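Remarks on the structure that follows.
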Protein chains: 2
Amino acid sequence: MSFGNIKVTTSLIESINKGIDQWLADDESDACPVRDILTRVGDKWSVLVLMRLGRQPERFRSLMRAIDGISQRMLTSTLRGLEYDGLVHRQVFDTRPPSVEYSLTDMGLSLVGHISVLANWAIEHRSQIEDAHCAYNSSQADD
Amino acid sequence: MSFGNIKVTTSLIESINKGIDQWLADDESDACPVRDILTRVGDKWSVLVLMRLGRQPERFRSLMRAIDGISQRMLTSTLRGLEYDGLVHRQVFDTRPPSVEYSLTDMGLSLVGHISVLANWAIEHRSQIEDAHCAYNSSQADD
DNA sequence: CTGAATCCCCAACGATACTG
DNA sequence: CAGTATCGTTGGGGATTCAG
């Protein structure tokens, strides 16, 4: 079985999974990189910000205008989180009025690439997913 | 720049991103496959269930024992969601007591492959992310 | 064993107002 | 412009109970 340039085999997954569970389920220590990243990928605003910054560096107010529906508060905390993980770089220019430019780090750019792959997967499987929705609904209607 | 078998270039991202924003930000219609999938990937229980089922088909009670900390309620709704999207297949055996076996569909297996790639990315960048955390913390300490 | 239904809480988010 | 601080709401998820 092959999807794009990613070959998927049961044995591959086996080897990949070997040990992943413990990282994912590691409730005790908060130092679980897999959980952290997956959570960030699942975060609506983080992904939107990363995608924006994947185009070009951008300033706070500009990001706010570009990303529809985000509040000042959420944009701030989202950017803080991304900066915290080293995905986004924050550059302050000491001007009046102050201006701050956000940009992707190399690691951020790398992650955006992987997110894009996932996004493409979703788009490619869109119709299949919709079919599944219909199938599910009609199977429920039988009850 | 290259990561594993995924080549990441700005132009690639440009072309990939072309139009993704509208899919992501599509608040009006709920039919946004990208958001749906990313949300699912960001969901703690969904990923754990998918990883488990990536090994072998498994029954409800067995999954519950295997996935530490999940409640009956969440396992049920998680499985429903995965089934709804066509990622998981639900097979009912008409026995006494009833038994239900869950397994990955081909699409589910495919998604698990991509999630594994992302998980590996997180593991590979673990130290780099931790470094970023330290750098962030010490930069905050200056204030 | 596999669920559905109910209650309940709290953390996350939005809105608003204020500051350098 | 780029934030911080505070408050109010809400819905996601845990615990529990009931059902087939």
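Note that the structure is predicted; figures quoted are calculated from it, not measured. Letters A, B, ... mirror the listed sequences (proteins, then strands); counts begin at 1.
- Across every non-hydrogen atom of B/Met64 and B/Gln72, the tightest pair is CE-N, 3.6 Å.
- Relative ring orientation between A/Phe60 and A/Tyr102 is described as tilted, the plane-to-plane angle lying within the 30° to 60° band.
- Distance, A/Gln91 CD to D/dC1 P: 19 Å, rounded to whole Å.
- Between the CD atom of B/Glu58 and the C1' atom of C/dT2 there is a distance of 15 Å, given to the nearest Å.
- One can place CD of A/Glu83 at 9 Å from P of D/dG3, the figure rounded to the nearest angstrom.
- Mapping A/Thr76 and A/Pro98 onto DNA chain D via the closest heavy atom, the residue that lands nearer the 5' end is A/Pro98.
- Contact between the side-chain N/O atoms of A/Arg59 and the OP1/OP2 oxygens of D/dG3 is not found at any separation under 4.0 Å.
- A close approach under 4.0 Å does not occur between any side-chain nitrogen or oxygen of B/Arg73 and OP1 or OP2 of D/dG14.
- With distances taken from any side-chain atom of B/Arg90 to the nucleotides C/dA15, C/dC1, C/dG3, the minimum falls on C/dG3.
- D/dC1 atom C1' lies 14 Å from atom CD of A/Glu101, rounded to whole Å.
- Looking at the side chain of A/Gln72, the nearest of the listed nucleotides C/dC13, C/dA17, D/dG14 is C/dA17.
- Rounding to the nearest 0.5 Å gives a distance of 8.0 Å between SG of A/Cys134 and OH of B/Tyr84.
- With rounding to whole Å, A/Ile70 atom CD1 is found 16 Å from C/dA12 atom P.
- Considering only side-chain N and O atoms, A/Trp45 lies under 4.0 angstrom from the phosphate OP1 or OP2 of C/dG14.
- Between B/Ser99 and A/Ser71, the residue anchored nearer the 5' end of DNA chain C, judged by the nucleotide with its closest heavy atom, is B/Ser99.
- In the hydrophobic cluster analysis, where Ile, Leu, Val, Met, Phe, Trp and Tyr join through side-chain heavy atoms closer than 4.5 angstrom, A/Leu104 is grouped together with A/Trp45.
- Among the protein residues, A/Tyr102 comes within range of the sugar-phosphate backbone only, with heavy atoms under 4.0 Å from sugar or phosphate atoms but none that close to a base.
- Counting to the nearest Å, the C1' atom of D/dG11 and the CG atom of B/Asp43 are 14 Å from each other.
- The CE-C1' distance, from B/Met74 to C/dT2, rounds to 17 Å in whole Å.
- Taking atom CZ of A/Phe93 as the reference point, atom C1' of C/dG20 lies 19 Å away to the nearest angstrom.
- Put simply, B/Arg80 has a side-chain N or O that comes within less than 4.0 Å of OP1 or OP2 on C/dA4.
- Two residues are said to be in side-chain contact when any heavy atoms from C-beta on lie closer than 4.5 Å; A/Val117 and B/Val117 fail this criterion.
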